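Inspection log for the structure reproduced underneath, given as structure tokens.
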Amino acid sequence: MLDGKVAVVTGASRGIGRAIAQKLASLGAFVVINYNGSKERAEQVKQEIEADGGAAAVYQCDVSDYGKCEEFLKDVVTEYGRIDILINNAGVTQDGLLMKMSESAFDRVVDTNLKGAFHTIRFASRQMVKQRSGRIINMSSVVGVTGNAGQANYAASKAGIIGLTKAAARELAPRGITVNAIAPGFIDTDMTSVLPDKVRKASVEQIPLGRFGEPKQVAAAAAFLASEDAGYITGQVLHVDGGMVM
Ligand code: NAP
């Protein structure tokens, strides 16, 4: 149970982040729902959590902005007194072949997916060190492990997340903070809904379990890594991918 814990979930207005926010709230955590552009959807997640008897707050912050992340996490500590769980879930794709990829497409994806996680860890870990406890969970991807044609920016950001996770795990372990990554495969969200039918069919063929996953299946893994039961697990990458990587 997560009663009394304060959890920050980035990119919680939709998809996997929304499912994680709902799961952590259902276990008793107070959840800070971060979003970038989808204000109404973030407010809706808060309402759903409250309707189920949970508690949550909504914060806008573009995680790719270092200064805004500092302000955001300072505000959370001022308002709620602590940060027990940080889920770095916010992410974007901007696919294209390497030879045609613009610098801005590369930068946008790396700045959001990888630097965003650095920014939030940078400021949330300060509070966790004071508490001498904390759980950080970073969203990687199967693509960060295997690579994928047309996703050099995204794969680089998600492989970077794994390195960041392991370095942070080593650095923060002596302060009682665990840092792990989750590497989802294909999960049914807005991000994958844009895949053409042909690509979706070819993707399913690569999945031993023969189907896309659901956001709640990733949320269950995040809830486990955030729990007391996972207190001796750090620096790991948990694959939630129907068996794609084994
Ligand atoms: P999604 O449905 O597209 O949702 C993305 C979320 O990230 C939204 O809440 C969005 O907020 C937020 N976000 C984007 N840019 C942001 C920024 N600069 N600052 C703050 N929040 C930002 O994506 P998803 O499929 O749930 O994916 C969630 C995470 O899992 C991502 O890191 C993704 O790379 C990873 N992942 C997904 C899959 C998959 O198959 N779906 C597979 C492997 C890994 P707004 O709505 O406010 O823009």
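As the structure lists them, so they are numbered: ligands from 1, and atoms in each ligand from 1. Nothing fancy with the numbering, it's 1 onward along the sequence. Because the structure is predicted, anything quoted here is derived from the model rather than measured.
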Heavy-atom closest pair, residues V31 and A21: CG2-O, 3.6 Å
Under 4.0 Å from ligand 1 - residues by heavy atom, chain and number: G11, A12, S13, R14, G15, I16, N34, Y35, N36, G37, S38, C61, D62, V63, N89, A90, G91, V92, T112, M139, S140, S141, Y154, K158, P184, G185, F186, I187, T189, D190, M191, T192
F212 six-ring face occupied by R200 cation (under 6.0 Å, within 45°): yes
R82 and D84 ion-paired at < 4.0 Å: yes
All ring pair (Phe, Tyr, Trp, His ring centres under 6.0 Å) counterparts of F118, not counting sequence neighbours: none
Test item: L86 and I137 side chains (from C-beta on) under 4.5 Å apart, heavy atoms: no
Side-chain donor/acceptor of H119 to backbone N/O of V63, under 3.5 Å: yes
